[in-house]
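Here the structure is a predicted model, which means the values were calculated and not measured. When reading the values below, keep in mind they use all heavy atoms of this one structure, side chains included, and skip hydrogens, waters and symmetry mates.
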Amino acid sequence: MRDFFSMARWMPGLVALLGYQRAWLLADLRAGLSVAAVALPVAIAYAELAGVGAVVGLYSCILPMLIYALFGTSRQLIVGPDAATCAVIAAVVTPLAAGDATRHWQLVMTMTAMTGIWCLVASRFKLGVLADFLSRPILLGLLNGVAITIMVGQLSSIFGFTFDESELIERIAATPNYLSLLHWPTLGVSLLTLALMLACRRLRPQWPSSLLALALAAALLWGLGPERSGIAVVGAISGGIPEFQLPEFPPGLMRELVLPALNLAMVSFVSMMLTARSFAAKNGYDIDADKEFRALGMANLASAFSQGFAISGADSRTAVNDANGGKSQLVSIVAATVIALVTFLLTSPLQYIPTAALGIVLVMASWSLIDLRGQWALRQSDSAAFWLAWITFVSVLFMGVIPGITLAVLLGLFQFLRNVMRPTDQLMGMNEEGVVHTLGHNEEVKAVTGVLIYRFNSPLTYFNASYFKRRVLMLINGEQAQPNCLIIDAVSCFTHQDISVMSMVGELHKELRRRGIHMVMAGRRGQVSHWLQQAGIRVGEEGILVYPDLYQALRMTRCYQDRPEPAVPQASGEDTGTAEPDRERLAPAPQWVES
């Protein structure tokens, strides 16, 4: 009970801050200012992408960053607006809002709150393992598709026209028709912003290129006067503390947000964990996936409460934090404080920022997400991953962001089910030193005469039990001489009790007994014996023999003969490890003890 109410359980970030070291202060202050310099223009640009006012992007940075600093377990992760999350929000909310700006904002906040609730539910049920659910190839294809979708969508801001089409492929096909509507002053501002960002990144890579480019573009528009040039700008921003507002739209619209919010929670969490884990591994500390799920949920609820939109882990801002030597969660607190000062006191200059410059910032941010070369390189290392990545990528481009994300989640689920339902398996043998290894990878490893040692590389459950039985009987039928004994490595497959599995084991035992083959289980002796007895299957000399490990099973089994045979048919799989971590050796021809 004391552990349940402990501060370390609920607020690990605060516990870490209470142990703060004074030597970290200067580095954290420098990193916090750098993160704020990068986050400010990106937040305004992502607000434009999400279809809400610029100040909403700033609101989405302040309170969520403070909350994550208290509840998160990563010392360096920076949370905030993210290209993928904003693209998802826009794709879901825009058709529901039907052009009503107030309803659009309220739907955005509602979806953000739902995303936070889904994250808290997942944390409550310890679903942090979902960080591994969307495989990296699937996420790679998803982010590549989202990045290209964002870049094409920003062409209208960069060139000064408005798309009538809503889908990516239609926009690409119609782009030549819009060239006659090109607004040259807008294009000039876009090219100027791009040139400034590229020059800054090349000559002064440590400077916040996007902030400097937006500041110069805004100064230019302030000097010229946007009304004279016809260039679209952000416009007046009402800063200050946000006023809390309750949603005012038909309750039926909320049903349209439930599943998209679940998809958004899934993608945001997986993306955040990839960033958090990579920087945690680099700097030598651990993070807790379940607590990270809770921290993401709390941060999204805080964003909704402060009238913001959904946030996730920001890899570019986290990289800035790490590059500037940030050591603790104080970096997030410093950055949030700076952004709050700008939001509440210095919003007037922001009104002159041209939307064309924001489009360039979004294009550059999306460009950093694209890794088509890495996606193509998968064809050499993993063909299945290659096709998963490209199917996800093409589906996002042709079907849209939301269907693409849904398909990515389903592909992740199907990939997991396929690996569990049809896992790899191996036949085992023994080398001259008496050590059990997988057959087929080493000529010194030979099959044991009269004994078939089988490993099934997945937990046995109701949907792969029949496949397990078919594989065992197929391997036995493939033997040149029928074995006298079948030894099953129970450690890898008998992980939990399942009635369907026990029923299959009983049927398999009867079939083997009819053929005169002894059935032996090796590993998990106590559990497996208990489960077999509960299922009414005899254990012992007249039933299934159960031993603590493979070596004991080989010693105690009467079926062993003196000389190993050279070859047996191979089962699928590529495992090259030994059967058990135990380093006990068997002599090539042990003397058997009566069981």
Side-chain angles (χ1 to χ4, degrees), residues 36-65 78-94 97 100-113 115 146 149-150 153-154 156-158 193 210-211 213-215 217-218 232-243 245 264 268 299-300 302-312 314 316-317 335-336 338-340 342-344 346-366 401:
V38 174
L40 272 166
V42 169
I44 296 172
Y46 286 156
E48 194 78 17
L49 177 60
V52 292
V55 73
V56 181
L58 301 177
Y59 290 157
S60 303
C61 292
I62 302 168
L63 195 55
M65 292 175 74
I78 303 296
V79 299
D82 172 75
T85 56
C86 290
V88 172
I89 291 171
V92 174
V93 170
T94 300
D100 187 329
T102 301
R103 176 176 290 184
H104 187 108
W105 188 5
Q106 292 178 345
L107 286 169
V108 166
M109 290 187 291
T110 304
M111 185 174 176
T112 300
T115 301
V146 168
T149 301
I150 293 172
Q154 293 307 307
S156 59
S157 297
I158 293 171
T193 305
S210 55
L211 180 63
L214 289 185
V233 295
V234 170
I237 297 175
S238 57
I241 298 175
E243 295 181 4
Q245 55 177 314
L264 182 57
S268 297
N300 273 293
S303 184
F305 179 78
S306 59
Q307 315 299 290
F309 50 77
I311 54 91
S312 181
S316 60
R317 277 146 279 171
V338 173
I339 296 172
V342 173
T343 304
F344 302 149
L346 301 172
T347 54
S348 180
L350 301 179
Q351 64 181 306
Y352 295 103
I353 296 176
T355 56
L358 292 178
I360 292 294
V361 171
L362 284 172
V363 167
M364 295 297 287
S366 301
V401 175

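Residues Tyr352 and Val233 share a closest heavy-atom pair of O-CG1, 3.9 Å. Pro81 approaches Gly57 most closely through the heavy-atom pair CG-O, 4.0 Å. Minimum interatomic distance between Thr355 and Ser157 (heavy atoms only, all atoms of both residues): O-CB, 3.9 Å. Shortest non-hydrogen contact noted between Ala45 and Val361 is CB-CG1, 4.1 Å.
Under the rule for a side-chain contact (heavy atoms from CB on, under 4.5 Å), the partners of Ala37 that lie at least two apart in sequence or sit in another chain are Pro208, Leu211. Contacts of Glu48 classified as side chain to side chain donor-acceptor pair (under 3.5 Å), with partners at least two apart in sequence or in another chain: none. In this structure Asn300 satisfies the side-chain contact (heavy atoms from CB on, under 4.5 Å) test together with Thr112, Thr115, Leu296, Ala310, Ile311, sequence neighbours excluded. Remark: Leu40 engages Leu58, Ile339, Val342 in a side-chain contact (heavy atoms from CB on, under 4.5 Å) (not counting sequence neighbours). Applying the side-chain contact (heavy atoms from CB on, under 4.5 Å) rule to Ala340 yields the partners Ile62, Phe344; only residues at least two apart in sequence or on another chain are considered.
The line from CG of Leu49 to CZ of Phe309 is 8.5 Å long, rounded to the nearest 0.5 Å. Rounding to the nearest 0.5 Å gives a distance of 11.0 Å between CE of Met109 and NE2 of His104. Atom SG in Cys61 sits 10.5 Å away from atom CD1 in Ile78 (nearest 0.5 Å).
A donor-acceptor pair under 3.5 Å is absent between the side-chain atoms of Trp105 and the main chain of Gly53, judged by distance alone. The main-chain N or O of Ala357 is never found under 3.5 Å from a side-chain atom of Thr193 such that the two would form a donor-acceptor pair.
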Anything under 3.5 Å between a donor and an acceptor, one on a side chain of residues 87-94, the other on a protein residue two or more places apart or in another chain? List them.
from	atom 1	to	atom 2	distance (Å)
Thr94	OG1	Ala90	O	2.7

